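Scroll down for the structure; my scribbles are underneath it.
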Amino acid sequence: MNTKYIFVTGGVVSGLGKGITAASLGRLLKNRGYKVTIQKFDPYINVDPGTMNPYEHGEVFVTDDGAETDLDLGHYERFIDENLTKNSSVTMGKIYKNVIEKERKGDYLGKTVQVIPHITNEIKEKIYGFENTDTDIVITEIGGTIGDIEGVSIIEAIRQVGLEKNKEDVLYIHVTLLPYIFGSNEIKSKPTQHSVKELQGLGIKPDILVCRTEQDIPDNVREKLSLFCNVRKSSVIQNKTADCLYAVPLMLEEEGLAREVCNHLRLEKYIPNNAKWEEMIDNIRNIDENKVVNIGLVGKYIKLEDSYISVIESLYHAGFANNVKVKVKLIDSEKITEENVKHQLEGMDGIVIPGGFGDRGISGMIETIKYVRENNIPFLGICLGMQMAVVEFARNVLGIKDADSEEFDKKTKNQVIHIMEEQKKINKKGGTMRLGAYPCIIKEGTLAHKLYGTTEISERHRHRFEYNNEYREKLEEAGLKVSGISPDGLLVEMVEIEKHPYFIAGQFHPELKSRPNRPAPLFLGLIKASKNTKI
């Protein structure tokens, strides 16, 4: 079978759910027995989202091979349950960087470097990169909306793909908005018509329209969209807001999205096997609404929920498995003090402190950790959350009042979190970032061992600072046990407190590998402990 290409574009406004549409379609095609991968093209000029403000961009998702990517890759992985790579995340910054480097090396033999063909060829190279692999279908989401000046070269490149490949091997899906006007009680199709017209003006005729709507689409509106947008009526797909994010694939299945895709791409495996996914959704919907676990997420980027989207989804996954409804409250660590910490955390059954960078809000995190440690409230620390757990323990249990992280206080004599000398030798400017999957050896008999059920795991990292081994013996003697280390024994990956309902922290990001049908062990344990403590 030739490699099949599906392109998902968006129109009218952003935030319509292109990523969820792409991810849902990936799940439906995987349930038909196809090997599916998904990639994201972002039109911004940043090389990757690694240095972008979380308030502007949301979380940075990290793949096993250490790529810092858009948060949509998290949705892709959670839906299709495949570990993606750096090849699944492409920005125009990367494209331009590659083209300029080739020009400097003389690869273009002195020719004038232009958007067409050089930029578009570089884009197509990324699209065709999955050929000659075991991938059957490549779904590519194009970031932004049609008409954005930054994305025109990407649209041109995917237009060329439609010319270069067989007609039955390329499919264009356009996700658009059908607004409902309450004054006249009608759904308006004009924004979609204008968006499709703009897309056609760039040389692409959409094969399928996925219409985001809050109301059922009347038959006459489907007919109008079919006529004015030049798509078959059966290819006008309704996408209403679902009661559960993970129910979207089944909703789109019922609407006929996968059927239309199979017909256009002439896919032989037509019958889906959605039974396991349907069972998962049934179980989620049957959770007793009165069985609630309240989790406080204490962070510094709480103004935008997308900053912690993988953590929040991981908490939901753990709730599914524990048969409870998880309610997440975002709590601003900047507003927490020694005087108000009890009030700020009131009503919370468990606490998570996620990753982050910089010293803003750190004192509030430390006060939170002290409170949950002393009051036996289940706690999970992630990356920065683990580092602050070490700092808090050193200060308040060992009595090292100036204990801190080198990231925040380079002059303190007691840097319990620091950059290791090996890192400084690699990069004199301040150490390298530890990115991607790293192995971890878990000590038997620990809480970590009980949660993972094995002594060897692999988890994804995104940080620069490490646990200072000079304090390891003192911290362990005082009760902060090291339960996970790197294979060479040099890097501390997990710490925990034994005589506590649930107190564990990891230097890695367990949320990046959590799935709705396979929750990350540390989150699973947190919700179980929070549920039991609540009872």
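It should be emphasised that the depicted structure is a prediction, and the values quoted were computed from it without experimental measurement.
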- Item | N/O donor-acceptor pair under 3.5 Å between S195 side chain and P191 backbone | no
- Would you mind reporting whether Q39 and T37 have side-chain heavy atoms less than 4.5 Å apart? no
- Task: Spell out, as yes or no, whether a donor-acceptor pair under 3.5 Å connects the side chain of N322 to the backbone of V324.
- Result: no
- Neighbour count above 12 (heavy atom, 6.0 Å) for E477 CD: yes
- Could you tell me whether the side chain of S458 and the main chain of A437 form a donor-acceptor pair under 3.5 Å? no
- Query: Does a side-chain N-to-carboxylate-O contact under 4.0 Å join D332 and K303?
  - Reply: no
- Message: Looking at E334 and K300, is any side-chain nitrogen of the basic one under 4.0 Å from a carboxylate oxygen of the acidic one?
- Response: no
- Counting distance only, does the side-chain N/O of D148 pair as donor-acceptor with the main-chain N or O of T145 below 3.5 Å? yes
- Message: With a 3.5 Å distance limit and no angle check, can you tell me whether R460 reaches the backbone of V62 through a side-chain donor-acceptor pair?
- Response: yes
- Evaluate the side-chain hydrogen bond (donor to acceptor under 3.5 Å, both in side chains) criterion for residues T337 and E367: first the C-alpha distance (whole Å), next the side-chain angles of each, then the deciding distance (0.1 Å), finally the verdict. CA-CA 7 Å; T337 64; E367 290 298 338; over 6 Å; no
- G19 to Y76 - nearest heavy-atom pair and separation: O-CE2, 3.8 Å
- Under the 3.5 angstrom rule, does the side chain of E496 hit a backbone N or O of A448 as a donor-acceptor pair? yes
- Query: Heavy atoms, side chains only, cut-off 4.5 Å: are V390 and Q387 in contact?
  - Reply: no
- Note on the structure: Residues pairing under side-chain hydrogen bond (donor to acceptor under 3.5 Å, both in side chains) where one sits in residues 509-523, two or more places apart or in two chains, turn out to be E77-R515, D81-R515, D81-R518, N83-R515, H317-S514, H509-E511
- Kindly check if the number of other-residue, nucleotide or ligand heavy atoms within 6.0 Å of CD (E476) is above 12? yes
- Message: Looking at every non-hydrogen atom in both residues, tell me the closest pair between V326 and G319 and how far apart they are.
- Response: CG2-CA, 3.6 Å
- Message: Any non-hydrogen side-chain atom of V397 less than 4.5 Å from a side-chain atom of R373?
- Response: yes
- Message: With no hydrogens and no angle check, just 3.5 Å: does a side-chain donor-acceptor pair link S333 and R360?
- Response: no
- Does atom CD of E338 have more than 12 heavy-atom neighbours from other groups under 6.0 Å away? no
- Query: Considering only heavy atoms from C-beta outward, does the side chain of D404 approach that of R395 to under 4.5 Å?
  - Reply: yes
- Note on the structure: Residue pairs passing the ring-ring contact (aromatic ring centres under 6.0 Å, His included) test with at least one member in residues 330-383, sequence neighbours excluded, are F379-F503
- Item | Contact check, side chains of Y502 and N532, non-hydrogen atoms, under 4.5 Å | no
- Check: Y301 main-chain N/O paired with Y308 side-chain donor or acceptor under 3.5 Å: yes
- Can you list the residues that meet the side chain to side chain donor-acceptor pair (under 3.5 Å) rule with E444, with sequence neighbours excluded? none
- Is it the case that more than 12 heavy atoms not belonging to K401 sit under 6.0 Å from its NZ atom? yes
- Validation row: N46, T91 side chains within 4.5 angstrom (heavy atoms): no
- Task: For the residue pair I497 and F393, establish whether any side-chain heavy-atom pair is separated by less than 4.5 Å.
- Result: yes
- Keeping the roles fixed (side chain from E493, backbone from G506), state whether a donor-acceptor pair exists under 3.5 Å. no
- Please report the closest heavy-atom contact between H500 and N376, naming both atoms and the distance. NE2-CA, 3.5 Å
- Task: Indicate the atoms forming the closest heavy-atom contact of A403 with V391, along with that distance.
- Result: O-CG1, 3.6 Å
- Message: I'd like to know if E313 and R78 make a salt bridge, using a cut-off of under 4.0 Å between side-chain N and carboxylate O.
- Response: no
- Query: When you look at NZ of K94, are more than 12 heavy atoms from neighbouring residues, nucleotides or ligands closer to it than 6.0 Å?
  - Reply: yes
- Does the D349 side chain pair with the main chain of K531, one donor and one acceptor, at a distance under 3.5 Å? no
- Ion pair present between E346 and K342, side-chain N to carboxylate O less than 4.0 angstrom? no
- Would D402 and K413 pass as an ion pair if we require N to O under 4.0 Å? no
- Item | Residues Y438 and Q507: side-chain donor-acceptor under 3.5 angstrom | no
- Should we count NZ of K443 as having more than 12 external heavy atoms under 6.0 Å? yes
- Message: Determine whether a donor-acceptor pair (N or O, by modelled atom type, separation under 3.5 Å) exists between the side chain of K40 and the backbone of T69.
- Response: no
- Query: Is it true that atom CD of E374 has more than 12 heavy atoms of other residues, nucleotides or ligands lying nearer than 6.0 Å?
  - Reply: yes
- Task: In plain terms, say whether E68 and R462 are close enough for a salt bridge, that is, a side-chain N and a carboxylate O under 4.0 Å apart.
- Result: yes
- Message: Within the structure provided, determine whether Y467 and I485 are in side-chain contact (heavy-atom separation under 4.5 Å).
- Response: no
